[in-house]
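What follows is a single structure, written as structure tokens, with notes after it.
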Amino acid sequence: MLNLKAIIPAMTGQILLRGLIVLLFNSTLGAQQTSGATSVDQQTIQLLLQRIDQLEARVAQLEANEGATALKNALPPSKAADSATSRETDTNPARHNALSQSLASLHAIAPLAGESEQAPSENAMNDRMDLSKTLMRIRGFGDVSFHGDTQPGDNTSFSMGELDLFITSDMSDRFKFLSEVVFEAGPDNIYGVQVGPENSFDVDIERYLLQYSYNDYFNLAIGRGHTAIGYYNNAYHHSSWMQTTTERPFLFEFEDRGGILPIHIVGASASGRVPSGSLGLHYVAEIGNGRESRNPLEDEPVQNEISDRNGKAFNLELFARPEAWQGFQSGLSFYRDRLLPTGSPKIAESILAAHALLIRPKYEWLNEALMDRHAISGTPYAFNTPGFYSQVSKQFGSYRPYFRYEYLNVSRNEPVFPDVALRHGPIAGLRYDPNESVAVKFEYQYTFLRNQQGVHGLTGQVGFTF
Amino acid sequence: MKSLITAVLVAGVALWTMVEAGATLGAGTDVALPEQGTPPEPLVIVVNRMNPVDDLSFADLRSIFLGSRSYWNNGKRITVVMREPGEQERRVILHDVCGMDEEQFKTHFLRGLYTGEILVSPKTLDTPVGVRKFIFNVPGAIGYLRESDVDPTVKVVRVDERLPWDKGYRLRVP
């Protein structure tokens with residue numbers, strides 16, 4: 001009985017307690033029978049029954065205490081008590097006591113915990129092991145455009161935009177796969193030079209990343225992704241539905257669409273938050289193959305498999321999202337690489353980019369500027385290519401008028417992309433979202449070109465996600 | 001020179017639009033929440049009982065419910081639990097915490113997943129019992145319940161150092 005006294009306070013279930021006492025009682029009777037006793041000691045039985053009553057009362061008391069503990073546990077510990085004393089409370093006693101009353105019913109825990117529903121993490125694990133299920137989640141983006149302009153040789157055309165299959169998979173709690181497989185029509189345009197046949201479809205794997213997430217401050221990714229130069233490149237990727245306008249700013253145009261920046265990088269990156277309180281600092285550090293050194297011209301500009309040099313490109317970005325300024329972001333990035341064109345001196349490439357933007361659900365103001373510098377080794381020559389854009393839009397119901405001005409000035413003697421030249425001009429348009437999956441855009445563009453007639457253009461586009 | 005003038009014009013249009021929209025930096029949301037006739041009840045932020053967190057600031061809540069914060073301080077991954085679209089509790093969270101409407105919230109998560117900045121989208125459950133059960137089972141889960149739906153299976157978290165029945169508690173559901 002002494003041992004029982006010690007054990008029982010630790011018990012919380014009435015059934016277990018009763019079972020133990022019944023067992024003890026039976027064993028006592030059994031002992032009496034084996035000793036040959038013929039009469040039952042009525043006094044002992046009476047004592048035991050009284051003891052059972054006492055213990056049952058004790059269990060009830062323990063359960064009540066546990067209910068109170070549960071109430072405290074539902075509140076932030078150590079602070080529950082000061083709520084009623086240090087802070088003025090609601091004057092409605094019914095509401096004030098509502099939690100206490102509901103929390104007092106500890107019985108709610110048992111059925112919840114006892115139900116055989118597996119924890120989601122277990123379900124996820126089972127799903128991963130089930131070969132009959134796919135781990136992939138696929139989201140699609142596409143667009144169709146109608147475009148006409150005054151550029152000599154251009155015809156008005158319907159154009160199939162990129163068909164973008166965005167595929168992700170949660171391989172585990174920490175590992176995730178992310179890719180963008182893009183089907184796109186038409187020839188490549190590498191630094192202003194057309195490469196490949198017209199009107200045929202190609203398949204590009206634009207992003208292909210294995211991501212590891214350790215915590216909010218440290219995430220790793222390896223594979224092919226978008227270089228963290230500025231803001232736009234890592235915000236909109238290959239979906240025209242997601243961006244306000246019909247096209248990316250030409251400063252951030254893709255490499256195979258005439259862009260001048262190393263938009264994609266094959267390598268590894270680390271990213272995360274920087275402990276900075278309400279300043280909301282974030283960092284990105286990347287290392288990779290860098291762009292192809294442009295020899296010969298028709299080569300794929302992104303070095304997916306083999307690099308033409310041992311040195312690696314790196315990129316560092318730091319940006320802030322202050323808590324006090326919802327939707328505001330500002331940051332700087334610095335990209336460094338060394339190109340080795342065949343038969344030409346080495347070229348040191350440095351790209352310094354800055355951005356400041358404000359994005360609210362109904363309002364958008366993007367501003368980015370950068371300088372792409374190519375310094376030819378062993379010579380005093382260096383070529384600076386400046387560019388910027390500023391874009392503003394505001395939503396009125398389903399309509400969002402927008403305006404952008406963009407500028408890019410490439411020297412005639414630029415050693416990497418002289419064909420791009422100078423171009424700048426405004427675009428103005430209207431985006432209409434008839435529902436949450438479709439966007440219809442109408443846009444006017446005017447582009448000033450060096451030593452050429454300016455080009456007027458009109459574009460209608462339907463972008464969608466599916 | 002033309003570029004400079006145009007850039008200044010863009011900036012002017014942008015500023016005018018901001019002023020017109022009343023969109024001052026640091027201001028609240030520009031999403032309207034319909035008025036309701038019934039008296040408001042506190043909307044309680046709840047987490048798993050094993051979660052050591054006691055208090056979250058409104059900014060913390062915003063970053064958690066918008067997916068920009070993915071881990072608790074103890075290293076557990078955060079799993080956000082939302083009620084289904086159309087539920088009043090969800091609308092309060094979207095409006096008061098996220099500053100968005102339903103469509104903007106969906107687009108935000110689609111964009112975040114697309115960029116890789118958001119690791120997982122929220123878990124959507126259709127009843128308070130489902131929310132409680134999920135949070136009870138998942139150590140890193142966080143969700144919200146009406147005060148009358150709270151029971152001991154979940155832990156109530158202070159918001160900006162206030163409990164749901166404290167004066168000045170900001171989250172209330174009609």
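Atoms considered below: every heavy atom in the structure, side chains included; atoms not considered: hydrogens, waters and symmetry mates. Each chain gets a letter, A, B and so on, in the order the sequences are listed, and its residues count up from 1.
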TODO: Please confirm whether the backbone N or O of A/Ser213 pairs with a side-chain atom of B/Tyr71, one donor and one acceptor, at under 3.5 Å?
DONE: yes
Open item on the list: Taking atom NZ as the centre, does A/Lys176 end up with more than 12 heavy-atom neighbours from other residues, nucleotides or ligands that are less than 6.0 angstrom away?
Closed with: yes
Open item on the list: Are the side chains of A/Asn234 and B/Glu117 in contact, using a 4.5 Å heavy-atom criterion?
Closed with: no
Open item on the list: What I'd like to find out is whether the side chain of B/Gln104 reaches to under 4.5 Å of the side chain of A/Lys362, using heavy atoms alone.
Closed with: yes
Task: Distance, nearest 0.5 Å, that separates CD1 of A/Ile359 from CZ of B/Arg111 - done: 6.5 Å
Task: Contacting region of B/Ser57 [heavy-atom separation from chain A under 4.5 Å] - done: neither
Task: Spacing of CD belonging to B/Glu103 relative to OG belonging to A/Ser398, to within rounding of 0.5 Å - done: 7.5 Å
Task: Distance-minimising heavy-atom pair for A/Trp241 and B/Leu110 - done: CZ3-CD2, 3.4 Å
Task: Proximal component of A/Ser239, with respect to chain B [non-hydrogen, under 4.5 Å] - done: both
Task: A/Tyr208, OH: over 12 other non-hydrogen atoms inside 6.0 angstrom - done: no
Open item on the list: For A/Asp164, which atoms come within 4.5 Å of any heavy atom of chain B: side chain, backbone, both, or neither?
Closed with: side chain
Task: Student check: side-chain heavy atoms of B/Glu102 and A/Glu436 closer than 4.5 Å - done: no
Task: Taking every non-hydrogen atom, the tightest pair across A/Pro361 and B/Met100 - done: CG-CG, 4.0 Å
- [ ] For the pair A/His237 and B/Tyr114, name the ring-plane relationship: parallel under 30°, tilted 30 to 60°, perpendicular over 60°.
- [x] perpendicular
Task: Residue A/Tyr236 versus chain B: region with a heavy atom under 4.5 Å - done: both
Open item on the list: Heavy-atom pairs under 4.5 Å with chain B: which of A/Glu323, A/His226, A/Glu406, A/Arg207 has the most?
Closed with: A/Arg207
- [ ] May I ask you to test the A/Thr168-B/Leu113 pair for a side-chain heavy-atom distance under 4.5 Å?
- [x] no
Open item on the list: Using every non-hydrogen atom in the two residues, find where A/Arg273 and B/Ser68 come nearest and quote the distance to one decimal.
Closed with: NH1-O, 4.3 Å
Task: Reported CH2-to-CG distance for the pair B/Trp72 and A/Asn215, which is rounded to 0.5 angstrom - done: 15.0 Å
TODO: Give a yes or no on whether A/Tyr214 atom OH has more than 12 heavy-atom contacts from other residues, nucleotides or ligands under 6.0 Å away.
DONE: no
- [ ] Pick one of side chain, backbone, both or neither for B/Arg69, based on which atoms fall under 4.5 Å of a heavy atom in chain A.
- [x] both
